[in-house]
Amino acid sequence: MVAEDIVQDTFLSALKGLAAFKGEASEKNWLFAILRNKIADHYRGLRTEILPLENEGPEGPDGRFGEDGMWRKNRRPKPWAEPDNPMEHKEMQRMIDWCKEHLKALPKMVFILKYLEEKDSEEICKVLGIKPTNYWVLIHRARLQIRECLEKHWLKK
Amino acid sequence: MRTRLMLNCHEATFLMAKKEEGKLRLIDRLKLTFHTSMCRFCRLFQRQARQISAESRQILSDQMLSPAFKDRMEQLINDNYQG
Ligand SMILES: [Zn+2]
């Protein structure tokens, strides 16, 4: 919630001046990198406020898995068509980029830092001011959600 | 999780992220291999998660910005952001 406020706040401010930059295909990603830093700054000062995570991850409930921890029947991964030419790879990358926008602020940060910017977990914990246990829960959740999003929107096999 | 030989799918998918970073102890690596050898859903999850990770690496590399643009944006945001 707090993070979303920062995003909105920063975006609105930035948008005032954005007209000048129209046409730069990657401006959104650059903006996002700056936003991430703003959010990281914010979280560093708020270590305790971001950790309502105890009930999630492998220790707690997740709708995808049953009581026994096995995939629920309707949530089991289904195969998708794998990209086999440069255009399809581009398209899948575009889709992942789109899917990540639907993650909540913190899993989104973690996903971007890990998979787009290829940082390792120690660095990500440091920059976001989170504990390793929370990191693994967040990255696990992000991976589950991105995969699910892709399954829903990518070509079925 | 520490004592049982059999992982469930939730634990297995959780451990895959750690394995990717080489952060898994031998015993957990063995448990994970054992689980994925028997569970085709987790096997598929692992394959798809790897694919996502490989594709994601390409996303930013195609989107390099000019330093001048970055400076302008940063200035703009710093001017407007009341942190
Ligand atoms: Zn499984």
Side-chain angles (χ1 to χ4, degrees), chain A residues 6 9-10 12-14 16-18 20-21 24-27 29-31 33-35 38 41-42 57-59 62 64-66 68-71 76-80 82-83 89-90 92-97 100 111-112 114-118 120-121 136-137 139-140 143-144 146-147 150-151, chain B residues 1-2 4 6-24 28 35 38-83:
Chain A
I6 303 174
D9 185 38
T10 312
L12 288 177
S13 311
K16 281 192 254 162
L18 252 182
F21 305 118
E24 300 246 13
S26 44
E27 67 194 24
N29 286 284
W30 171 239
L31 243 188
I34 296 169
L35 291 173
K38 296 280 181 211
D41 287 348
H42 183 83
E59 311 81 16
D62 180 317
R64 295 173 186 84
F65 304 96
D68 56 0
M70 301 299 180
W71 292 101
R76 288 172 180 165
K78 294 182 194 67
W80 59 46
E82 301 196 358
H89 280 289
K90 272 276 152 307
M92 180 170 265
Q93 289 156 26
R94 204 189 55 76
M95 189 65 82
I96 294 169
D97 204 31
K100 86 172 182 341
F111 184 83
I112 290 170
K114 173 66 191 165
Y115 292 110
L116 275 63
E117 303 197 0
E118 301 181 73
D120 64 24
S121 56
W136 294 112
V137 171
I139 197 71
H140 181 226
R143 284 157 57 92
L144 287 164
I146 295 279
R147 195 214 64 81
L150 220 54
E151 179 183 295
Chain B
M1 190 158 173
R2 298 279 172 241
R4 282 179 298 111
M6 296 292 294
L7 298 173
N8 61 40
C9 300
H10 199 175
E11 293 164 336
T13 53
F14 179 80
L15 292 182
M16 284 174 198
K18 290 195 167 186
K19 188 186 172 203
E20 195 182 65
E21 229 181 83
K23 291 251 163 29
L24 217 50
D28 288 330
H35 181 94
M38 299 196 313
C39 175
R40 63 193 170 96
F41 303 111
C42 285
R43 216 153 49 230
L44 180 59
F45 180 90
Q46 187 161 45
R47 183 182 172 80
Q48 291 176 332
R50 278 180 186 151
Q51 198 170 16
I52 288 167
S53 134
E55 297 288 353
S56 297
R57 281 197 283 272
Q58 305 300 316
I59 293 175
L60 288 183
S61 63
D62 296 335
Q63 301 174 335
M64 297 303 286
L65 290 164
S66 72
F69 175 79
K70 289 184 181 181
D71 287 347
R72 270 155 83 205
M73 284 307 295
E74 198 144 48
Q75 192 56 49
L76 179 72
I77 287 172
N78 285 335
D79 288 349
N80 284 288
Y81 182 71
Q82 319 292 326

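Numbers restart at 1 for each chain; the letters A, B, ... are given by sequence-line order, proteins then strands. No experiment lies behind these values; they were computed from the predicted model shown.
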Subject >> For A/Arg147, salt bridge (Lys or Arg N to Asp or Glu O under 4.0 Å) partners two or more places apart >> reply: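 Once residues adjacent in sequence are excluded, the partners of A/Arg147 under the salt bridge (Lys or Arg N to Asp or Glu O under 4.0 Å) criterion are A/Glu151.
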
**OP:** Go through the steps to decide whether B/Ile52 and A/Ile96 satisfy the test side chain to side chain contact (heavy atoms under 4.5 Å, CB included), and finish with yes or no.
**Re:** CA-CA 7 Å; B/Ile52 288 167; A/Ile96 294 169; 4.2 Å; yes

**OP:** Could you give me the CA-CA distance, side-chain angles and deciding distance for A/Trp71 and B/Thr13, then say whether side chain to side chain contact (heavy atoms under 4.5 Å, CB included) is met?
**Re:** CA-CA 10 Å; A/Trp71 292 101; B/Thr13 53; 3.6 Å; yes

Are the side chains of [Y] and [X] in contact, using a 4.5 Å heavy-atom criterion?
{"X": "A/Pro83", "Y": "B/Glu55", "answer": "yes"}
{"X": "B/Gln48", "Y": "A/Lys78", "answer": "no"}
{"X": "B/Gln58", "Y": "A/His89", "answer": "no"}
{"X": "A/Met70", "Y": "B/Phe41", "answer": "no"}

Original post:
So which of B/Lys23, B/Met16, B/Arg40 has the biggest tally of heavy-atom pairs under 4.5 Å with chain A?
Top reply: B/Lys23

Please report the interatomic distance [atom1]([X]) to [atom2]([Y]), rounded to the nearest 0.5 Å.
{"X": "B/Ile59", "Y": "A/Met95", "atom1": "CD1", "atom2": "CE", "answer": "11.5 Å"}
{"X": "A/Lys114", "Y": "B/Glu20", "atom1": "NZ", "atom2": "CD", "answer": "5.5 Å"}
{"X": "B/Ser56", "Y": "A/Met92", "atom1": "OG", "atom2": "CE", "answer": "10.0 Å"}

**OP:** Determine the minimum heavy-atom distance between B/Ala17 and A/Ile139, stating which atoms define it.
**Re:**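 Of all heavy-atom pairs spanning B/Ala17 and A/Ile139, the closest is CB-CG2, 4.0 Å.
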
Subject >> Side chain, backbone, both or neither of A/Asp120 within contact of chain B (heavy atoms, under 4.5 Å) >> reply: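 Both the backbone and the side chain of A/Asp120 come within 4.5 Å of chain B.
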
Subject >> Segment of A/Leu150 engaging chain B (4.5 angstrom heavy-atom cut-off) >> reply: side chain

Subject >> Under 4.5 Å from a heavy atom of chain A, the part of B/Gln46 involved >> reply: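 Interface part for B/Gln46: neither.
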
**OP:** Test side chain to side chain contact (heavy atoms under 4.5 Å, CB included) on A/Phe65 and B/Glu11 and set out the steps.
**Re:** CA-CA 10 Å; A/Phe65 304 96; B/Glu11 293 164 336; over 6 Å; no

**OP:** Indicate the ring-plane relationship of B/Phe14 and A/His140, choosing parallel, tilted or perpendicular according to the 30° and 60° boundaries.
**Re:**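 Rings of B/Phe14 and A/His140: perpendicular, over 60°.
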
